[in-house]
2 protein chains.
Amino acid sequence: MARPPRYDTSLLLDAAVRLAAEGGPAAVTMAAVAKAVGAPSGSVYHRFPSRSALMAEVWLRTVERFQEGYVAVLTASGDPGQAAVAASRHVVAWSRTHREETALLLHGPEAFGRGAWSPEQAERADAGNRRLFGRIAALAAELGARHPAQTERVALALVDLPLALVRRHVRGGGLLPAHAEQLAADSTALLLSDL
Amino acid sequence: MARPPRYDTSLLLDAAVRLAAEGGPAAVTMAAVAKAVGAPSGSVYHRFPSRSALMAEVWLRTVERFQEGYVAVLTASGDPGQAAVAASRHVVAWSRTHREETALLLHGPEAFGRGAWSPEQAERADAGNRRLFGRIAALAAELGARHPAQTERVALALVDLPLALVRRHVRGGGLLPAHAEQLAADSTALLLSDL
DNA sequence: TCCGTTTTGGAGAGGTCTCTCTATTTAATT
DNA sequence: AATTAAATAGAGAGACCTCTCCAAAACGGA
(Lines give C-alpha, C1' and ligand atoms only; values in the text may rest on other atoms or scores of the structure.)
Protein backbone atom coordinates (compact mmCIF):
# COMPACT_ATOMS: atom_id res chain seq x y z
CA MET A 1 0.00 0.00 0.00
CA ALA A 2 2.99 2.26 0.08
CA ARG A 3 6.41 2.81 -1.28
CA PRO A 4 8.99 0.73 0.61
CA PRO A 5 11.50 2.62 2.74
CA ARG A 6 14.93 3.11 1.31
CA TYR A 7 16.56 4.82 4.27
CA ASP A 8 14.98 3.38 7.33
CA THR A 9 15.39 4.48 10.92
CA SER A 10 18.06 2.03 11.95
CA LEU A 11 20.14 2.82 8.89
CA LEU A 12 20.13 6.49 9.80
CA LEU A 13 20.94 5.72 13.41
CA ASP A 14 23.84 3.52 12.37
CA ALA A 15 25.26 6.40 10.38
CA ALA A 16 24.74 8.75 13.31
CA VAL A 17 26.62 6.39 15.63
CA ARG A 18 29.53 6.29 13.20
CA LEU A 19 29.61 10.06 12.93
CA ALA A 20 29.41 10.53 16.69
CA ALA A 21 32.21 8.07 17.28
CA GLU A 22 34.47 9.78 14.80
CA GLY A 23 33.77 13.44 15.34
CA GLY A 24 31.82 13.67 18.55
CA PRO A 25 28.15 14.57 18.96
CA ALA A 26 28.65 17.89 17.19
CA ALA A 27 29.47 16.01 14.00
CA VAL A 28 26.01 14.47 14.01
CA THR A 29 24.23 17.04 11.89
CA MET A 30 21.18 16.24 9.84
CA ALA A 31 23.14 17.10 6.71
CA ALA A 32 26.02 14.81 7.67
CA VAL A 33 23.70 11.89 8.41
CA ALA A 34 21.93 12.41 5.10
CA LYS A 35 25.20 12.55 3.22
CA ALA A 36 26.54 9.46 5.01
CA VAL A 37 23.70 7.32 3.71
CA GLY A 38 23.36 9.11 0.39
CA ALA A 39 19.96 10.58 1.12
CA PRO A 40 18.68 14.12 0.78
CA SER A 41 18.14 15.92 4.04
CA GLY A 42 14.39 15.79 3.60
CA SER A 43 14.47 12.02 4.04
CA VAL A 44 16.11 12.36 7.42
CA TYR A 45 13.40 14.76 8.52
CA HIS A 46 10.86 12.25 7.34
CA ARG A 47 12.09 9.86 10.06
CA PHE A 48 12.96 12.33 12.81
CA PRO A 49 11.03 15.51 13.45
CA SER A 50 14.09 17.38 14.62
CA ARG A 51 17.76 17.01 15.24
CA SER A 52 17.27 16.60 18.96
CA ALA A 53 14.83 13.76 18.36
CA LEU A 54 17.52 12.04 16.32
CA MET A 55 20.18 12.70 18.93
CA ALA A 56 17.95 11.33 21.66
CA GLU A 57 17.24 8.20 19.66
CA VAL A 58 20.91 7.63 18.94
CA TRP A 59 21.71 7.89 22.61
CA LEU A 60 18.78 5.80 23.79
CA ARG A 61 19.26 2.96 21.36
CA THR A 62 22.93 2.73 22.23
CA VAL A 63 22.60 2.97 25.99
CA GLU A 64 19.72 0.53 26.05
CA ARG A 65 21.76 -2.01 24.11
CA PHE A 66 24.54 -1.65 26.61
CA GLN A 67 22.31 -1.84 29.64
CA GLU A 68 20.53 -4.92 28.38
CA GLY A 69 23.71 -6.97 28.37
CA TYR A 70 24.97 -5.40 31.56
CA VAL A 71 21.85 -6.17 33.56
CA ALA A 72 21.82 -9.71 32.19
CA VAL A 73 25.33 -10.32 33.49
CA LEU A 74 24.49 -8.66 36.78
CA THR A 75 21.61 -11.03 37.45
CA ALA A 76 23.02 -14.19 35.88
CA SER A 77 25.11 -15.48 38.75
CA GLY A 78 23.70 -16.64 42.07
CA ASP A 79 26.65 -15.43 44.07
CA PRO A 80 26.56 -11.64 44.45
CA GLY A 81 30.34 -11.29 44.65
CA GLN A 82 30.75 -13.23 41.44
CA ALA A 83 28.03 -11.24 39.74
CA ALA A 84 29.71 -7.98 40.72
CA VAL A 85 33.07 -8.96 39.31
CA ALA A 86 31.47 -10.37 36.16
CA ALA A 87 29.62 -7.11 35.62
CA SER A 88 32.78 -5.08 35.91
CA ARG A 89 34.54 -7.37 33.49
CA HIS A 90 31.60 -7.17 31.14
CA VAL A 91 31.85 -3.40 30.85
CA VAL A 92 35.40 -3.71 29.58
CA ALA A 93 34.68 -6.65 27.29
CA TRP A 94 31.66 -4.94 25.76
CA SER A 95 33.71 -1.82 25.13
CA ARG A 96 36.29 -3.88 23.35
CA THR A 97 33.77 -5.35 20.95
CA HIS A 98 31.71 -2.18 20.52
CA ARG A 99 34.24 0.56 19.93
CA GLU A 100 32.02 3.07 18.21
CA GLU A 101 29.16 2.71 20.63
CA THR A 102 31.56 3.01 23.54
CA ALA A 103 33.06 6.21 22.17
CA LEU A 104 29.52 7.52 21.87
CA LEU A 105 28.45 6.59 25.39
CA LEU A 106 31.51 8.17 26.95
CA HIS A 107 30.24 11.57 25.90
CA GLY A 108 27.21 11.25 28.12
CA PRO A 109 23.57 12.17 27.44
CA GLU A 110 24.07 15.92 27.92
CA ALA A 111 26.31 16.00 24.89
CA PHE A 112 23.40 14.57 22.94
CA GLY A 113 21.17 17.43 23.93
CA ARG A 114 19.39 15.75 26.79
CA GLY A 115 17.87 19.03 27.88
CA ALA A 116 15.93 19.28 24.62
CA TRP A 117 14.57 15.75 24.51
CA SER A 118 10.86 15.05 24.49
CA PRO A 119 9.31 14.01 27.82
CA GLU A 120 8.90 10.47 26.48
CA GLN A 121 12.53 10.21 25.54
CA ALA A 122 13.70 11.68 28.82
CA GLU A 123 11.52 9.19 30.63
CA ARG A 124 12.98 6.32 28.65
CA ALA A 125 16.44 7.38 29.74
CA ASP A 126 15.34 7.72 33.34
CA ALA A 127 13.63 4.36 33.33
CA GLY A 128 16.76 2.65 32.08
CA ASN A 129 18.86 4.30 34.74
CA ARG A 130 16.38 3.50 37.48
CA ARG A 131 16.33 -0.11 36.42
CA LEU A 132 20.10 -0.31 36.39
CA PHE A 133 20.55 1.42 39.69
CA GLY A 134 17.81 -0.67 41.22
CA ARG A 135 19.65 -3.86 40.34
CA ILE A 136 22.88 -2.46 41.69
CA ALA A 137 21.25 -1.39 44.92
CA ALA A 138 19.75 -4.87 45.30
CA LEU A 139 23.13 -6.44 44.74
CA ALA A 140 24.71 -4.02 47.18
CA ALA A 141 22.20 -5.12 49.81
CA GLU A 142 23.06 -8.76 49.14
CA LEU A 143 26.70 -7.87 49.58
CA GLY A 144 25.95 -6.42 52.98
CA ALA A 145 25.63 -2.71 52.25
CA ARG A 146 23.47 -0.96 54.80
CA HIS A 147 24.14 2.73 54.33
CA PRO A 148 23.65 4.80 51.17
CA ALA A 149 27.36 5.54 51.21
CA GLN A 150 28.07 1.84 50.92
CA THR A 151 25.64 1.48 48.06
CA GLU A 152 27.41 4.31 46.34
CA ARG A 153 30.68 2.52 46.74
CA VAL A 154 29.21 -0.53 45.08
CA ALA A 155 28.01 1.59 42.17
CA LEU A 156 31.45 3.09 41.93
CA ALA A 157 33.03 -0.34 41.86
CA LEU A 158 30.57 -1.85 39.39
CA VAL A 159 30.06 0.94 36.91
CA ASP A 160 32.24 3.99 37.31
CA LEU A 161 35.50 2.22 37.89
CA PRO A 162 35.42 -0.01 34.81
CA LEU A 163 34.13 2.92 32.78
CA ALA A 164 37.00 5.07 33.96
CA LEU A 165 39.41 2.42 32.83
CA VAL A 166 37.77 2.27 29.42
CA ARG A 167 37.72 6.04 29.13
CA ARG A 168 41.42 6.35 29.77
CA HIS A 169 42.18 4.21 26.74
CA VAL A 170 39.36 4.95 24.35
CA ARG A 171 39.59 8.71 24.72
CA GLY A 172 43.12 8.66 23.43
CA GLY A 173 41.91 6.73 20.40
CA GLY A 174 43.82 3.63 21.40
CA LEU A 175 42.79 0.06 21.94
CA LEU A 176 42.14 -1.52 25.28
CA PRO A 177 45.15 -3.49 26.51
CA ALA A 178 44.74 -7.23 26.90
CA HIS A 179 44.86 -7.13 30.68
CA ALA A 180 42.12 -4.51 31.01
CA GLU A 181 39.40 -7.00 31.93
CA GLN A 182 41.59 -8.47 34.62
CA LEU A 183 42.48 -5.07 36.02
CA ALA A 184 38.83 -4.09 36.16
CA ALA A 185 37.85 -7.35 37.84
CA ASP A 186 40.64 -7.13 40.40
CA SER A 187 39.92 -3.51 41.22
CA THR A 188 36.22 -4.14 41.64
CA ALA A 189 36.88 -7.11 43.90
CA LEU A 190 39.22 -5.03 46.03
CA LEU A 191 36.72 -2.22 46.42
CA LEU A 192 34.06 -4.67 47.54
CA SER A 193 36.33 -6.69 49.82
CA ASP A 194 35.99 -4.30 52.73
CA LEU A 195 32.32 -3.42 52.54
CA MET B 1 52.23 54.50 24.40
CA ALA B 2 49.04 52.72 23.55
CA ARG B 3 45.40 52.52 24.35
CA PRO B 4 44.84 50.44 27.50
CA PRO B 5 43.05 47.13 27.04
CA ARG B 6 39.46 46.98 28.07
CA TYR B 7 38.79 43.30 27.46
CA ASP B 8 41.95 41.46 28.25
CA THR B 9 42.77 37.84 27.69
CA SER B 10 41.94 36.51 31.12
CA LEU B 11 38.59 38.30 31.12
CA LEU B 12 37.65 36.60 27.88
CA LEU B 13 38.85 33.24 29.16
CA ASP B 14 36.82 33.65 32.32
CA ALA B 15 33.72 34.20 30.23
CA ALA B 16 34.56 31.19 28.10
CA VAL B 17 34.89 29.01 31.18
CA ARG B 18 31.49 30.12 32.38
CA LEU B 19 29.92 29.42 29.01
CA ALA B 20 31.54 26.00 28.74
CA ALA B 21 30.40 25.04 32.21
CA GLU B 22 26.83 26.03 31.49
CA GLY B 23 26.30 24.90 27.93
CA GLY B 24 29.23 22.68 27.09
CA PRO B 25 32.08 23.44 24.73
CA ALA B 26 29.68 24.03 21.84
CA ALA B 27 28.32 27.06 23.67
CA VAL B 28 31.72 28.71 23.54
CA THR B 29 31.34 30.65 20.33
CA MET B 30 33.23 33.80 19.58
CA ALA B 31 29.96 35.68 19.45
CA ALA B 32 28.85 34.30 22.82
CA VAL B 33 32.14 35.21 24.49
CA ALA B 34 31.97 38.71 23.05
CA LYS B 35 28.41 39.15 24.21
CA ALA B 36 29.21 37.81 27.69
CA VAL B 37 31.78 40.55 28.30
CA GLY B 38 29.95 43.22 26.32
CA ALA B 39 32.57 43.47 23.59
CA PRO B 40 32.20 43.43 19.82
CA SER B 41 33.37 40.24 18.18
CA GLY B 42 36.33 42.02 16.66
CA SER B 43 37.84 42.48 20.11
CA VAL B 44 37.79 38.76 20.71
CA TYR B 45 39.60 38.18 17.45
CA HIS B 46 42.12 40.79 18.51
CA ARG B 47 43.15 38.46 21.36
CA PHE B 48 42.71 35.09 19.71
CA PRO B 49 43.41 34.44 16.04
CA SER B 50 40.71 31.82 15.80
CA ARG B 51 38.10 29.99 17.76
CA SER B 52 40.26 26.94 18.16
CA ALA B 53 43.05 29.06 19.60
CA LEU B 54 40.59 30.32 22.18
CA MET B 55 39.30 26.85 22.91
CA ALA B 56 42.82 25.55 23.34
CA GLU B 57 43.69 28.36 25.71
CA VAL B 58 40.56 27.81 27.79
CA TRP B 59 41.40 24.17 28.15
CA LEU B 60 45.10 24.69 28.81
CA ARG B 61 44.69 27.38 31.42
CA THR B 62 42.13 25.31 33.29
CA VAL B 63 43.94 21.99 33.17
CA GLU B 64 47.24 23.61 34.11
CA ARG B 65 45.66 25.22 37.14
CA PHE B 66 44.32 21.88 38.22
CA GLN B 67 47.54 20.01 37.60
CA GLU B 68 49.58 22.56 39.50
CA GLY B 69 47.71 21.91 42.72
CA TYR B 70 47.51 18.21 42.11
CA VAL B 71 51.22 17.75 41.55
CA ALA B 72 51.94 19.87 44.60
CA VAL B 73 49.86 17.57 46.78
CA LEU B 74 51.37 14.52 45.16
CA THR B 75 54.89 15.56 46.08
CA ALA B 76 54.21 17.22 49.40
CA SER B 77 54.22 14.23 51.67
CA GLY B 78 57.25 12.06 52.34
CA ASP B 79 55.27 8.88 52.69
CA PRO B 80 54.10 7.63 49.27
CA GLY B 81 50.99 5.97 50.62
CA GLN B 82 49.94 9.17 52.33
CA ALA B 83 50.70 11.21 49.23
CA ALA B 84 48.56 8.91 47.12
CA VAL B 85 45.54 9.19 49.36
CA ALA B 86 45.99 12.93 49.71
CA ALA B 87 46.08 13.29 45.94
CA SER B 88 42.88 11.35 45.52
CA ARG B 89 41.21 13.44 48.17
CA HIS B 90 42.52 16.59 46.55
CA VAL B 91 40.79 15.82 43.26
CA VAL B 92 37.45 15.73 45.00
CA ALA B 93 38.13 18.77 47.16
CA TRP B 94 39.30 20.84 44.19
CA SER B 95 36.19 19.87 42.26
CA ARG B 96 34.06 21.02 45.13
CA THR B 97 35.61 24.48 45.17
CA HIS B 98 35.95 24.83 41.39
CA ARG B 99 32.62 23.74 39.99
CA GLU B 100 32.78 25.50 36.65
CA GLU B 101 36.31 24.47 35.91
CA THR B 102 35.49 20.90 36.88
CA ALA B 103 32.51 20.78 34.56
CA LEU B 104 34.79 22.04 31.83
CA LEU B 105 37.56 19.50 32.44
CA LEU B 106 35.15 16.58 32.46
CA HIS B 107 34.49 17.19 28.77
CA GLY B 108 38.08 16.36 27.88
CA PRO B 109 40.41 18.09 25.44
CA GLU B 110 38.85 16.55 22.32
CA ALA B 111 35.65 18.44 23.01
CA PHE B 112 37.73 21.61 22.90
CA GLY B 113 38.93 20.83 19.42
CA ARG B 114 42.26 19.32 20.33
CA GLY B 115 42.77 18.08 16.79
CA ALA B 116 42.86 21.67 15.52
CA TRP B 117 45.22 23.15 18.09
CA SER B 118 48.51 24.70 17.10
CA PRO B 119 51.61 22.53 17.57
CA GLU B 120 52.68 24.74 20.47
CA GLN B 121 49.37 24.33 22.24
CA ALA B 122 49.31 20.58 21.65
CA GLU B 123 52.81 20.37 23.05
CA ARG B 124 51.78 22.32 26.15
CA ALA B 125 49.03 19.81 26.77
CA ASP B 126 51.38 16.89 26.22
CA ALA B 127 54.02 18.36 28.49
CA GLY B 128 51.54 18.76 31.31
CA ASN B 129 50.36 15.19 30.93
CA ARG B 130 53.90 13.84 30.74
CA ARG B 131 54.79 15.71 33.90
CA LEU B 132 51.76 14.41 35.73
CA PHE B 133 52.17 10.84 34.61
CA GLY B 134 55.88 11.00 35.37
CA ARG B 135 55.15 11.90 38.98
CA ILE B 136 52.58 9.16 39.25
CA ALA B 137 54.94 6.59 37.79
CA ALA B 138 57.61 7.67 40.28
CA LEU B 139 55.16 7.33 43.14
CA ALA B 140 54.06 3.95 41.81
CA ALA B 141 57.65 2.79 41.89
CA GLU B 142 58.00 3.98 45.48
CA LEU B 143 54.87 2.03 46.32
CA GLY B 144 56.44 -1.10 44.91
CA ALA B 145 55.02 -1.25 41.41
CA ARG B 146 57.29 -3.18 39.08
CA HIS B 147 55.17 -3.92 36.02
CA PRO B 148 53.44 -1.41 33.75
CA ALA B 149 50.15 -3.01 34.71
CA GLN B 150 50.79 -2.09 38.33
CA THR B 151 51.67 1.47 37.39
CA GLU B 152 48.41 1.63 35.50
CA ARG B 153 46.56 0.52 38.57
CA VAL B 154 48.16 3.33 40.54
CA ALA B 155 47.09 5.84 37.90
CA LEU B 156 43.61 4.40 38.05
CA ALA B 157 43.53 4.75 41.81
CA LEU B 158 45.04 8.25 41.91
CA VAL B 159 43.33 9.97 39.00
CA ASP B 160 40.60 8.04 37.26
CA LEU B 161 38.83 6.76 40.31
CA PRO B 162 38.35 10.11 42.06
CA LEU B 163 37.47 11.68 38.72
CA ALA B 164 34.84 9.02 38.13
CA LEU B 165 33.34 9.83 41.49
CA VAL B 166 33.25 13.50 40.67
CA ARG B 167 31.80 12.86 37.23
CA ARG B 168 28.92 10.84 38.64
CA HIS B 169 27.75 13.80 40.67
CA VAL B 170 28.74 16.80 38.60
CA ARG B 171 27.34 15.43 35.35
CA GLY B 172 23.91 15.32 36.84
CA GLY B 173 24.27 18.95 37.82
CA GLY B 174 24.28 18.12 41.49
CA LEU B 175 26.64 18.91 44.30
CA LEU B 176 29.23 16.55 45.68
CA PRO B 177 28.01 14.84 48.85
CA ALA B 178 29.89 15.56 52.03
CA HIS B 179 31.40 12.12 52.26
CA ALA B 180 32.84 12.17 48.74
CA GLU B 181 36.38 12.97 49.85
CA GLN B 182 36.31 10.12 52.33
CA LEU B 183 34.96 7.69 49.77
CA ALA B 184 37.66 8.67 47.30
CA ALA B 185 40.38 8.34 49.91
CA ASP B 186 39.14 4.96 51.12
CA SER B 187 38.77 3.59 47.62
CA THR B 188 42.21 4.74 46.59
CA ALA B 189 43.75 3.22 49.70
CA LEU B 190 41.99 -0.07 49.03
CA LEU B 191 43.20 -0.21 45.44
CA LEU B 192 46.76 0.36 46.54
CA SER B 193 46.65 -2.00 49.50
CA ASP B 194 47.33 -5.07 47.43
CA LEU B 195 49.94 -3.78 45.02
C1' DT C 1 50.71 69.36 21.54
C1' DC C 2 51.42 65.87 18.21
C1' DC C 3 52.76 61.16 17.07
C1' DG C 4 52.75 56.26 17.20
C1' DT C 5 50.76 52.22 18.79
C1' DT C 6 47.33 49.42 20.52
C1' DT C 7 42.72 48.60 21.01
C1' DT C 8 37.93 49.23 20.26
C1' DG C 9 33.72 49.28 17.54
C1' DG C 10 31.00 47.56 14.13
C1' DA C 11 29.55 46.14 9.56
C1' DG C 12 29.29 42.41 6.51
C1' DA C 13 30.90 38.45 3.40
C1' DG C 14 30.70 33.66 3.15
C1' DG C 15 29.62 29.32 5.02
C1' DT C 16 26.91 25.78 7.47
C1' DC C 17 23.03 24.15 9.77
C1' DT C 18 18.06 23.40 10.86
C1' DC C 19 13.85 23.00 9.17
C1' DT C 20 9.94 23.72 5.63
C1' DC C 21 7.52 22.97 1.58
C1' DT C 22 6.14 20.93 -2.66
C1' DA C 23 6.46 17.82 -6.41
C1' DT C 24 7.45 13.28 -7.73
C1' DT C 25 8.18 8.37 -7.33
C1' DT C 26 6.94 3.75 -5.86
C1' DA C 27 4.40 -0.38 -4.88
C1' DA C 28 0.54 -2.73 -2.65
C1' DT C 29 -4.38 -2.88 -2.96
C1' DT C 30 -8.74 -2.54 -5.33
C1' DA D 1 -5.37 -0.18 -14.80
C1' DA D 2 -6.62 3.14 -11.24
C1' DT D 3 -6.09 4.49 -6.57
C1' DT D 4 -3.74 5.66 -2.49
C1' DA D 5 -0.49 5.94 1.26
C1' DA D 6 4.22 6.35 2.19
C1' DA D 7 8.50 7.75 0.91
C1' DT D 8 11.97 10.24 -1.82
C1' DA D 9 14.04 14.33 -3.89
C1' DG D 10 15.62 18.76 -3.68
C1' DA D 11 15.34 23.70 -3.41
C1' DG D 12 15.56 27.40 -0.35
C1' DA D 13 14.38 30.54 3.75
C1' DG D 14 16.19 32.04 7.99
C1' DA D 15 19.39 31.81 11.78
C1' DC D 16 23.83 31.67 13.52
C1' DC D 17 28.78 31.43 13.28
C1' DT D 18 33.60 32.37 11.86
C1' DC D 19 36.49 35.51 10.31
C1' DT D 20 37.94 39.99 7.78
C1' DC D 21 38.46 44.67 7.35
C1' DC D 22 38.71 49.50 8.30
C1' DA D 23 37.81 53.61 10.69
C1' DA D 24 37.71 55.75 15.16
C1' DA D 25 39.32 56.18 19.89
C1' DA D 26 42.58 56.33 23.74
C1' DC D 27 46.75 56.68 25.92
C1' DG D 28 52.18 57.32 26.72
C1' DG D 29 56.12 59.56 25.21
C1' DA D 30 58.75 63.10 22.49
Side-chain angles (χ1 to χ4, degrees), chain A residues 1-59 107 110-118 121, chain B residues 1-59 107 110-118 121:
Chain A
M1 201 194 204
R3 177 175 179 171
R6 189 165 157 191
Y7 315 105
D8 75 338
T9 303
S10 70
L11 183 73
L12 298 178
L13 290 180
D14 292 344
V17 169
R18 222 174 306 130
L19 288 165
E22 279 170 30
V28 185
T29 68
M30 300 301 256
V33 171
K35 187 180 174 186
V37 301
S41 73
S43 295
V44 182
Y45 278 93
H46 184 70
R47 302 288 172 187
F48 301 98
S50 67
R51 178 175 183 251
S52 62
L54 168 71
M55 296 292 269
E57 219 55 46
V58 173
W59 172 264
H107 285 102
E110 292 79 13
F112 286 81
R114 153 135 224 181
W117 293 358
S118 75
Q121 290 172 322
Chain B
M1 201 193 202
R3 178 173 179 172
R6 190 165 158 194
Y7 315 105
D8 75 338
T9 303
S10 70
L11 184 73
L12 297 177
L13 289 179
D14 291 344
V17 169
R18 223 174 306 131
L19 289 166
E22 278 171 30
V28 185
T29 67
M30 299 301 256
V33 171
K35 187 180 174 187
V37 302
S41 72
S43 295
V44 182
Y45 279 94
H46 185 70
R47 303 287 173 188
F48 300 98
S50 68
R51 177 174 184 252
S52 63
L54 168 72
M55 296 292 270
E57 218 57 43
V58 174
W59 172 264
H107 285 101
E110 291 79 13
F112 286 82
R114 153 136 224 182
W117 293 357
S118 74
Q121 290 172 322

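Keep in mind that this is a model prediction, so the values were computed, not measured. Protein chains get the first letters and strands the later ones, always in sequence-line order, with residue 1 at the start of each.
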Separation of D:dA25 atom C1' from B:His46 atom NE2, nearest Å, is 13 Å
Winner on side-chain proximity to B:Ser41, out of C:dT5, C:dA11, D:dT8, is C:dA11
- Any donor-acceptor N/O pair under 3.5 Å between C:dA27 base and A:Arg3 side chain: no
Closest non-hydrogen contact found for B:Ala27 with B:Leu19 is CB-O, 3.9 Å
> A:His107 vs A:Phe112 aromatic rings, parallel, tilted or perpendicular, using cut-offs 30° and 60°?
Replying inline: perpendicular
Closest non-hydrogen contact found for B:Ser43 with B:Leu12 is O-CD1, 4.5 Å
Per atom distances to the B:Tyr45 side chain, the nearest of D:dC19, D:dA9, C:dC19 is D:dC19
dist B:His46:NE2 -> B:Ser41:OG (nearest 0.5 Å) comes out at 13.5 Å
Side-chain contact check for B:Pro4: nearest option of D:dT18, D:dA9, D:dA26 is D:dA26
Side-chain atoms of B:Arg51 come closest, of D:dT18, C:dG9, C:dT26, to D:dT18
A:Lys35 atom NZ is separated from D:dA9 atom C1', nearest whole Å, by 18 Å
Point to revise | Heavy-atom side-chain contact between A:Arg47 and A:Tyr7 under 4.5 Å | key: no
The reported gap from CD in A:Gln121 to CZ in A:Arg114 (rounded to nearest 0.5 angstrom) is 10.5 Å
Handout entry: Any A:Phe48 side-chain heavy atom under 4.5 Å of A:Leu13 side chain
Key = yes
Taken to the nearest whole Å, CG/B:Leu12 to P/C:dT7 is 12 Å
Contact check, residues 19-31 of chain B vs DNA chain D, heavy-atom distance under 4.0 Å, returns B:Thr29, B:Met30, B:Ala31
>> Using a heavy-atom cut-off of 4.0 Å across all strands, would you classify B:Pro40 as base, sugar-phosphate, or nothing?
In response: base
Check your understanding: OP1, OP2 of C:dG9 versus side-chain N and O of B:Tyr7: anything below 4.0 Å?
Key -> yes
(Q) Any side-chain N or O of A:Arg6 below 4.0 angstrom from OP1/OP2 of C:dT26? (A) no
Comparing B:Pro5 with B:Gly42, nearest DNA chain C nucleotide closer to 5' gives the residue B:Pro5
